[in-house]
2 protein chains.
Amino acid sequence: MTSSRSYHHGDLRRTLLAAAVEAIAESGPAALSLRDLARRAGVSHAAPAHHFGDKAGLLTALAVQGFDGLGEALRAAGDDFRESGVAYVVFAVRHRAHFEVMFRPDLYRADDPELVAARERTGELLRGGVSRHTGREPDADALAAWSIAHGFAELWLAGALPSRVGADPEPAARAVVGRLFS
Amino acid sequence: MTSSRSYHHGDLRRTLLAAAVEAIAESGPAALSLRDLARRAGVSHAAPAHHFGDKAGLLTALAVQGFDGLGEALRAAGDDFRESGVAYVVFAVRHRAHFEVMFRPDLYRADDPELVAARERTGELLRGGVSRHTGREPDADALAAWSIAHGFAELWLAGALPSRVGADPEPAARAVVGRLFS
DNA sequence: CACCCTAACTTGTCATTGACAAGATAGCAC
DNA sequence: GTGCTATCTTGTCAATGACAAGTTAGGGTG
């Protein structure tokens, strides 16, 4: 309910998170301002603090949403680790704001229990997508797969990739991830 | 000279950049404050603006330093693309502050001519190392190599990797990068 | 239906920050 | 020595995050 007349907004928490996604997509997480979010939602400047405590609290909630969403995307991609890698990249590009927050723990409360749980759930999915070398060192195969997908996504979001890579992340990601173990 | 009595600092630009590296290493680029840097350098709160214009200007200078430093590290690593990948990761970890700024173009002026030049120089090095190894068109191979090194570095810096990976990035990076084209 | 009790939101305030303007100082060319 | 100019200072303003204290609404209880 976005009814704008009532004293009680009714769905402010969700509204603020959506506004944050929009604002971050426009100007990056560094430029995010709680007061700007309040203005976008049509509430007073101190309203966000009630729901999230402070800025880090809001970004923590965003990161939780992000890890959950990434987990869903990975589950939908199936078992093949190549498809998982592509899905990882596609998620990062389509949910840029979430992704840009998720891996910047200096922006939020990385030890928040809810966040730790969400991150752990999704981390399990990531590792499961690649065959494991049990017992031995940390699974370098899984790390390599995660790294190549994560790196391509970060480079894409940073605008560091040459323009000839194109505008659609999916085929580009498929080509890059395919280089692994081949 | 860091003589603290004279009106003219003498080497303020370099001093401020060093202070910025220190501050970012402590609390991340988001928490960086020009006034804090001025305090660390023992000058007035407006002194940084003279040398860098604004915060983005300072971070642009930091990014230029970073791309130059990365280029040097890559050159020192030699021709083997695997060693280049390891050097990339080691640079990111040892020069965390520079690296964390370099790939966040929303923090600085990405179209600054000096920065564009430095980024282009280093980008050339990155692509060259891989095409020499595979003989193929550099596109996807180079992207894959860059992605895997970059991704591992980012995950390391974000603290996202499981603790069993260890504390020394070099052997871990070697294991991961070795998964490429094999 | 009346009460109240608590979550949701507001207004008000303060220290900090980035940015800008205007002034002071010192090193350097001549 | 004189003036020029880069360097640095002081002063100020709007915006922000955080906190304190007050206001409103809406649901449970009697």
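The figures here come from the full heavy-atom set of this structure, side chains too, leaving out hydrogens, waters and symmetry mates.
Between B:D11 atom CG and D:dA6 atom P there is a gap of 18 Å when expressed in whole angstrom units. One can place CZ of A:F52 at 14 Å from C1' of C:dC9, the figure rounded to the nearest angstrom. Protein atom CG of B:L16 is 13 Å distant from nucleotide atom P of C:dG18, rounded to whole Å.
Side-chain atoms of A:H51 lie closest to C:dC9 of the nucleotides C:dG12, C:dA19, C:dC9. Of the candidates C:dA19, C:dA8, C:dC20, C:dA19 carries the atom nearest the B:D54 side chain, counting heavy atoms from C-beta on. Listed candidates were C:dC9, C:dT11, D:dA6. Nearest to the side chain of A:H45 is C:dT11.
As judged by a 4.0 angstrom heavy-atom cut-off over every strand, B:A47 is placed among the base-contacting residues. Across all strands, A:A46 comes closer than 4.0 Å to base atoms (heavy-atom distances).
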Measure all distances between protein nitrogen or oxygen atoms and nitrogen or oxygen atoms of nucleotides 14-17 of chain C, and list the pairs falling under 3.5 Å.
unit_1 : atom_1 : unit_2 : atom_2 : d
C:dT17 : OP2    : B:R39  : NH2    : 3.4

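For A:R40 and A:E26, the salt-bridge test passes: some basic side-chain N is under 4.0 Å from an acidic carboxylate O. Using a cutoff of 4.0 Å between basic side-chain nitrogens and carboxylate oxygens, B:R179 and A:D141 are scored as salt-bridged. In this structure, A:E154 pairs ionically with A:R104, as a charged nitrogen and a carboxylate oxygen lie closer than 4.0 Å.
Two rings, from B:F103 and B:H98, have their centers 6.0 Å or more apart. When ring centroids are compared, A:F91 and A:H95 come within the 6.0 Å threshold.
Hydrophobic cluster membership of B:V86, counting Ile, Leu, Val, Met, Phe, Trp and Tyr whose side-chain heavy atoms lie under 4.5 Å apart directly or via other members: B:V90.
When the local axes at the two ends of the helix from C:dC1-D:dG30 to C:dC30-D:dG1 are compared, using 5 base pairs at each end, they differ in direction by 10° after rounding to 10°.
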Practice prompt. May I have the step-by-step check of side-chain contact (heavy atoms from CB on, under 4.5 Å) for A:V93 and A:W156, ending in yes or no?
Written response: CA-CA 8 Å; A:V93 174; A:W156 182 286; 3.5 Å; yes

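Regarding contacts with the backbone of D:dC8, every side-chain N or O of B:H50 stays at 4.0 angstrom or more from both OP1 and OP2.
A:T60 places a side-chain N or O within donor-acceptor distance of the main-chain N or O of A:R109, the cut-off being under 3.5 Å.
Within a 6.0 Å sphere centred on CD of A:E114, heavy atoms belonging to other residues, nucleotides or ligands number 12 at most.
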